[in-house]
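These numbers come from the heavy atoms of this one structure, side chains and all, not from hydrogens, waters or symmetry mates. Here the structure is a predicted model, which is why all the values come from computation and not from measurement. Positions are given from 1 along the sequence. Remember, it's 1-based here, ligands and their atoms both numbered in the order they're listed.
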Amino acid sequence: MKILVPVKRVLDYNVKPRVKSDGTGVDLANVKMSMNPFDEIAVEEAIRLKEKGVATEIVVASIGPAKAQETLRTALAMGADRAILVQVDDGVEVEPLAVAKLLKAIADEEAPQLVILGKQAIDDDSNQTGQMLGALTGWGQATFANEVSVDGGKATVKREIDGGLQTVNVSLPAIITTDLRLNEPRYPSLPNIMKAKSKPLATKSPADFGVDVAPRLKTLKVTEPAQRSAGIKVPDVDTLVEKLKAMGVA
Ligand code: AMP
């Protein structure tokens, strides 16, 4: 069974985003970029399914600039077998619908039994691509996975929902999106980083799949979160209680 894992190159989660001075977006010049954390979890889950003998091949795919090759190499170093880069020009933001159309075209060619995506990319916070891919393929989807098992042509997925977990069965082929607590992704070992350099990485363009990646949205404005005002120190608990009462909290 083949698993397709789409991975996105995003601003590293440890980096504090800086808004460009003209307010048109986040400044990505000279900042550390990494694999979207939810996609690391997706790659890890695919590797675990391969280690259990459920999957036989893991294909990772990214839509992004030439530098997204680094992200794909990281996934190969973790344990994926093969990579596909759908390359776009530097600075081009491909929206979730176009990403989903490209992933549908890749899924048509590769015929995976499972596509495991992150639940959301931490740069655009869209939480749309998996669901759109589900609609385009007509396959079942289990989003926000907290636990996954695959057996006899179906996947059983525990989903994180408000205040609890929901367990669903979805017949294969299917789409799964990962939530934070699904697993803890491994760090690639040095020998595996070296080995990953010679694993196959195919480069394509959106035109190869006949997909138009022209944006449908225009960003009007991006702003930093409001600054928090400084707190005050109170001398004792009684004063604190008085102040809370005055604020209507206590
Ligand atoms: P989003 O809908 O943008 O929040 O992204 C959800 C998931 O879709 C991500 O965690 C990735 O697995 C996948 N995805 C989104 N954009 C891309 C991209 N440019 N290349 C590869 N995978 C992507």
Side-chain angles (χ1 to χ4, degrees), residues 3-13 17 25-26 28 33-47 58-76 78 80 82-107 109-110 112 114-137 139 141-145 148 159-160 174-183 185 201-206 208-209 211-217 219:
I3 303 182
L4 174 65
V5 185
V7 294
K8 187 175 187 188
R9 179 175 184 264
V10 297
L11 184 71
D12 186 90
Y13 74 97
V26 171
L28 296 179
M33 305 289 283
S34 302
M35 190 189 307
N36 182 42
F38 292 106
D39 305 352
E40 284 184 345
I41 295 173
V43 174
E44 175 66 34
E45 197 62 21
I47 296 168
I58 302 166
V59 180
V60 285
S62 193
I63 293 101
K67 285 223 159 154
Q69 280 189 25
E70 291 167 10
T71 314
L72 290 167
R73 291 279 173 217
T74 303
L76 294 171
M78 285 173 74
R82 188 154 71 74
I84 301 168
L85 170 65
V86 183
Q87 193 172 325
V88 296
D89 290 341
D90 273 357
V92 170
E93 254 304 315
V94 186
E95 291 171 2
L97 179 58
V99 171
K101 285 180 184 170
L102 287 165
L103 294 176
K104 158 82 165 69
I106 293 173
E109 273 185 13
E110 296 286 342
L114 266 185
V115 186
I116 311 182
L117 305 92
K119 75 167 177 182
Q120 78 193 53
I122 61 164
D123 53 359
D124 59 19
D125 274 346
S126 293
N127 176 16
Q128 294 174 359
T129 309
Q131 294 87 331
M132 286 177 170
L133 182 61
L136 293 174
T137 52
W139 299 349
Q141 53 171 306
T143 49
F144 314 135
V148 173
R159 305 183 55 238
E160 297 209 4
I175 318 275
I176 292 175
T177 73
T178 61
D179 216 318
L180 201 58
R181 282 160 287 268
L182 178 59
N183 61 47
L201 191 159
T203 304
K204 307 262 190 182
S205 74
D208 292 337
F209 297 104
V211 174
D212 171 18
V213 294
R216 264 73 164 166
L217 301 174
T219 303

Any heavy-atom pair between the side chains of [Y] and [X] that's under 4.5 Å?
| X | Y | value |
| --- | --- | --- |
| Leu11 | Leu28 | yes |
| Val43 | Val7 | yes |
| Thr129 | Leu117 | yes |
| Gln120 | Asp124 | no |
| Leu133 | Lys104 | yes |
| Val213 | Leu102 | yes |
| Asp123 | Val26 | no |

Nitrogen or oxygen of [X] less than 3.5 angstrom from that of ligand 1:
| X | answer |
| --- | --- |
| Asp125 | no |
| Ala121 | yes |
| Lys119 | no |
| Gly130 | no |
| Pro6 | yes |

Do any heavy atoms of [X] fall under 4.0 Å from ligand 1?
| X | value |
| --- | --- |
| Val94 | no |
| Ala61 | yes |
| Gly64 | no |

Considering only protein heavy atoms, which is closest to [atom], and at what distance to one decimal place?
| atom | answer |
| --- | --- |
| atom 13 (C) of ligand 1 | Leu117 CD2, 3.9 Å |
| atom 14 (N) of ligand 1 | Val99 CG1, 4.1 Å |
| atom 6 (C) of ligand 1 | Gly118 O, 3.5 Å |

* Carboxylate-amine/guanidinium proximity below 4.0 Å for Lys119 and Asp179 ->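 Salt bridge flag = yes for Asp179 with Lys119.
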
Check this for me: does any side-chain nitrogen of one of Glu95 and Arg216 sit under 4.0 Å from a carboxylate oxygen of the other? no

Go through ligand 1 atom by atom and flag the ones less than 4.0 Å from a non-hydrogen atom of [X].
| X | answer |
| --- | --- |
| Asn36 | 9 (C), 10 (O) |
| Ser62 | 20 (N), 21 (C) |
| Asn127 | 1 (P), 2 (O), 4 (O) |

Just to be sure I read this right, does ligand 1 sit under 4.0 Å from the backbone of Val7, its side chain, both, or neither, counting only heavy atoms?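 The answer is the backbone of Val7.
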
- Task: With atom 2 (O) of ligand 1 as the reference point, say which of Val213, Val88, Thr129, Thr71 has the nearest heavy atom.
- Result: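 The nearest heavy atom belongs to Thr129.
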
Of Ile106, Asp39, Asp124, the residue with the heavy atom nearest atom 11 (C) of ligand 1 is Asp39

I'd like to know if the side chain of Asn183 pairs up with that of Glu45 as donor and acceptor (distance under 3.5 Å, no hydrogens or angles considered).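 Distance-only check passes for Asn183 and Glu45.
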
Paired with Arg82, the side chain to side chain contact (heavy atoms under 4.5 Å, CB included) test is passed by just one of Leu72, Ile58, Val59, Leu201, namely Val59

